[in-house]
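Here the structure is laid out as structure tokens; the discussion comes afterwards.
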Amino acid sequence: MIKKIGWGIIGLGNIAGKFAGDLALLSEATLVAVASRDSDKALRFAEEHGAKKAYGSYEALFEDPEVDVVYIATPHSFHQAQTLAALEGGKNVLCEKPLGINASEVRQMTARAAEKGLFLMEALWSRFNPSIQQVYSLIKKGEIGAISYLRADFSFPALDRDPQGRLLNPALAGGSLLDIGIYPVFLAYLFLGVPKEIKVSAHFHTTGAEKQIAMIFDYEEAMAVLYSGFSSHSEMKAEISCESGSALLNPRWHHTEGFQWQKGEEVQKVVSPLKGSGYIYEIEEVHRCLRAGDRESALWSWEDSLALHSLLDRIRALADIHFPAG
């Protein structure tokens, strides 16, 4: 009988709750422990999601011998320090996107994982979405020719949120770019790679956090038009247009449950319902890597995270987006 993989979770917010719900759907996983600086919150979360243990400190969870891998779902600005602490405790790590707040942090985190011989992956769940994987495979096979245009957006109204909260507080690396803009940037990188030139335009909240940003990625034979923002809703449907056809990822495209595939005059609609909340696919990839002894995922490698964060750094420099932490 294969030993179950023991999980620990820190950062017990809404996303962590959905992640824990998906974890419970997998027979090869067990939620060993959860941790919060607020011990009562940890106890409530543990009771709701069936965790065996609840800790009032992250350090206690990192020292638990039953925990094989830690899922980190805290605000962006804490990811580096907490990932390094988990690795120091001998734990494999799945850290929510963005892995760090800049490429330098990502380099330090992956270097430490390599030194320790431990698994580390950025929890960019869209990379493991079945519909996105299917479209990626079809396009890479040249089914409809080379990509000429990609469009992706991600926006929702959030300007009425707590200005000290993670979305609008620069001290927490707030702003739309790292929170949701990372998804359109990821999609362009996944399908087209690193652009030769980037153009940006951004608007800022009174807190100093960027509240909306438009980006154009220029490639040799293609362009990507990307947007994220907290000022309003957007369609959140991604389009990948090629020489002889196109793919449309259904809204909300970053966790889509289907797509439309057009090849010439032929149009096919594909429905692909997600299991659970959609986190199950990245969890399965972590399990696969741990079982195989892999320290990084071939689908979303350390090199991919570094390339993505280098793009985000370029965008931040062009848009004049700054965080106190770096």
Inset, instruction - Would you check if there is a donor-acceptor pair between the side chains of E257 and S272 at a distance under 3.5 Å? - result: no
Inset, instruction - Among K97, R127, H309, find the residue that satisfies the side chain to side chain donor-acceptor pair (under 3.5 Å) test when tested with E122. - result: H309
Inset, instruction - Please state whether the rings of Y58 and F62 are parallel, tilted or perpendicular, taking 30° and 60° as the class boundaries. - result: tilted
Legend entry - Closest heavy-atom pair and its distance - I180, S155: CD1-CA, 4.2 Å
Legend entry - Chi angles and distances behind the side-chain contact (heavy atoms from CB on, under 4.5 Å) call for K199, M215: CA-CA 6 Å; K199 298 175 182 177; M215 300 157 277; over 6 Å; no
Inset, instruction - For N102 and E105, indicate whether the former's side chain and the latter's backbone hold a donor-acceptor pair under 3.5 Å. - result: yes
Inset, instruction - Under the side chain to side chain donor-acceptor pair (under 3.5 Å) rule, what do E197 and Y219 come out as? Steps first, then yes or no, please. - result: CA-CA 7 Å; E197 186 178 355; Y219 299 86; over 6 Å; no
Legend entry - Student check: side-chain heavy atoms of H76 and L172 closer than 4.5 Å: no
Inset, instruction - Check whether any side-chain N or O of E235 sits under 3.5 Å from a backbone N or O of K237 as a donor-acceptor pair, and report yes or no. - result: no
Inset, instruction - Can you see which heavy atom on L226 is nearest to which on A188, and at what distance? - result: CD1-CB, 4.0 Å
Legend entry - Inter-residue atom distance F217.CZ - L311.CG, 0.5 Å rounding: 5.0 Å
Inset, instruction - May I ask you to decide whether E266 forms a salt bridge with K263, counting only side-chain N to carboxylate O separations under 4.0 Å? - result: no
Legend entry - Single-linkage hydrophobic cluster L138~V267, side-chain heavy atoms < 4.5 angstrom: no
Legend entry - Whether K91 side chain and V67 backbone form a donor-acceptor pair below 3.5 Å: yes
Legend entry - Side chain to side chain, L249 and I132, heavy atoms closer than 4.5 Å: yes
Inset, instruction - Would you name the heavy atoms of I101 and D313 that are closest together and state the gap between them? - result: O-OD1, 4.2 Å
Legend entry - Test item: L177 and I315 side chains (from C-beta on) under 4.5 Å apart, heavy atoms: yes
Inset, instruction - Could you go through the side-chain contact (heavy atoms from CB on, under 4.5 Å) check for V32 and W7 one step at a time? - result: CA-CA 5 Å; V32 172; W7 282 83; over 6 Å; no
Inset, instruction - Check whether any side-chain heavy atom of I280 lies under 4.5 Å from a side-chain heavy atom of F128, and answer yes or no. - result: no
Inset, instruction - Drop me the distance from L118's CG to R295's CZ, to the nearest 0.5 angstrom. - result: 6.5 Å
Legend entry - salt_bridge(R37, E59) N-O dist < 4.0 Å: yes
Inset, instruction - Taking D22 for its side chain and Y279 for its backbone only, find out whether a donor-acceptor pair lies under 3.5 Å. - result: yes
Legend entry - Electrostatic pair R316-E210, nearest N-O below 4.0 angstrom: no
Legend entry - Approximate separation, where rounding is to 0.5 Å, of L190 CG and L308 CG: 10.5 Å
Legend entry - Residue pair D304 / S301, side-chain donor-acceptor N/O under 3.5 Å: yes
Inset, instruction - Over 60° means perpendicular and under 30° means parallel, so classify the ring planes of F45 and H49, tilted if in between. - result: tilted
Legend entry - Y281 side chain reached by K275 side chain, heavy atoms, under 4.5 Å: yes
Inset, instruction - May I ask you to test the I240-V135 pair for a side-chain heavy-atom distance under 4.5 Å? - result: yes
Inset, instruction - Can you see which heavy atom on L192 is nearest to which on A222, and at what distance? - result: CD2-CB, 3.9 Å
Legend entry - Heavy-atom donor-acceptor pair, N169 side chain to Q164 backbone, under 3.5 Å: yes
Legend entry - ILVMFWY network linking F154 to I198, side-chain heavy atoms under 4.5 angstrom: yes
Legend entry - Separation between OG1 of T110 and CD of E115, rounded to the nearest 0.5 Å: 9.5 Å
Legend entry - CA sep, side-chain torsions, deciding dist, call: W253, N129, side-chain contact (heavy atoms from CB on, under 4.5 Å): CA-CA 10 Å; W253 71 262; N129 178 283; over 6 Å; no
Legend entry - Polar side chain donor-acceptor pair, S228 to S176, under 3.5 angstrom: yes
Inset, instruction - Can you see which heavy atom on D68 is nearest to which on K3, and at what distance? - result: OD2-NZ, 3.0 Å
Inset, instruction - Could you tell me whether the side chains of W300 and S305 share a donor-acceptor contact shorter than 3.5 Å? - result: yes
Legend entry - L120 backbone acceptor or donor facing W302 side chain under 3.5 Å: yes
Inset, instruction - Apply the side-chain contact (heavy atoms from CB on, under 4.5 Å) test between I321 and each candidate in L178, I213, L312, V200; give the one that qualifies. - result: I213
Inset, instruction - Return the orientation label for the F191 and Y136 ring planes: parallel under 30°, perpendicular over 60°, tilted otherwise. - result: perpendicular
Inset, instruction - Examine distances only and state if a side-chain atom of Q262 and a backbone atom of G264 form a donor-acceptor pair shorter than 3.5 Å. - result: yes
Inset, instruction - Verify the neighbour count for atom NZ of K53: are there more than 12 heavy atoms of other residues, nucleotides or ligands below 6.0 Å? - result: yes
Legend entry - Side-chain (S297) to main-chain (L299) donor-acceptor, under 3.5 angstrom: yes
Legend entry - Heavy-atom donor-acceptor pair, N92 side chain to V69 backbone, under 3.5 Å: no
Inset, instruction - Apply salt bridge (charged side-chain N to carboxylate O under 4.0 Å, His left out) to E88 and K116, showing your working. - result: CA-CA 8 Å; E88 198 61 36; K116 291 287 186 178; 3.2 Å; yes
Legend entry - Verify same cluster id: I144, M223 (apolar side-chain graph, 4.5 Å): no
Inset, instruction - Run the salt-bridge test on R44 and E47 with the 4.0 Å N-O cut-off and return the result as yes or no. - result: no
Inset, instruction - For the residue pair H254 and W125, categorise the inter-ring angle as parallel (less than 30°), tilted (30 to 60°) or perpendicular (more than 60°). - result: perpendicular
Inset, instruction - First locate atom CG of L167, then atom NE2 of H205, and finally report the distance between them rounded to the nearest 0.5 Å. - result: 10.5 Å
Inset, instruction - Please name the pair of heavy atoms, one in G11 and one in T74, separated by the smallest distance, quoted to 0.1 Å. - result: CA-CG2, 3.6 Å
Inset, instruction - Would you mind checking if E28 and K4 are paired as a salt bridge, meaning a charged N to carboxylate O distance below 4.0 Å? - result: no
Inset, instruction - Decide whether F78 and V93 are clustered together by the hydrophobic rule: side chain heavy atoms of Ile, Leu, Val, Met, Phe, Trp, Tyr closer than 4.5 Å, transitively. - result: no
Legend entry - Same apolar cluster (I L V M F W Y, side chains within < 4.5 Å links), I10/F19: no
Legend entry - Side-chain donor-acceptor pair present, Q108, Q80, cut-off under 3.5 Å: yes
Legend entry - Heavy-atom side-chain proximity of V286 to M121 below 4.5 angstrom: yes
Legend entry - Intermediate values then yes/no, side-chain contact (heavy atoms from CB on, under 4.5 Å), H287 and L26: CA-CA 10 Å; H287 288 179; L26 294 169; 4.1 Å; yes
Legend entry - Check: Q268 side chain, W261 main-chain N or O, donor-acceptor pair, under 3.5 Å: no
Inset, instruction - With rounding to the nearest 0.5 Å, note down the distance linking OG1 in T207 to CZ in R161. - result: 13.5 Å
Inset, instruction - Measure the shortest side-chain to side-chain distance between Y149 and V225 over non-hydrogen atoms and say whether it is less than 4.5 angstrom. - result: yes
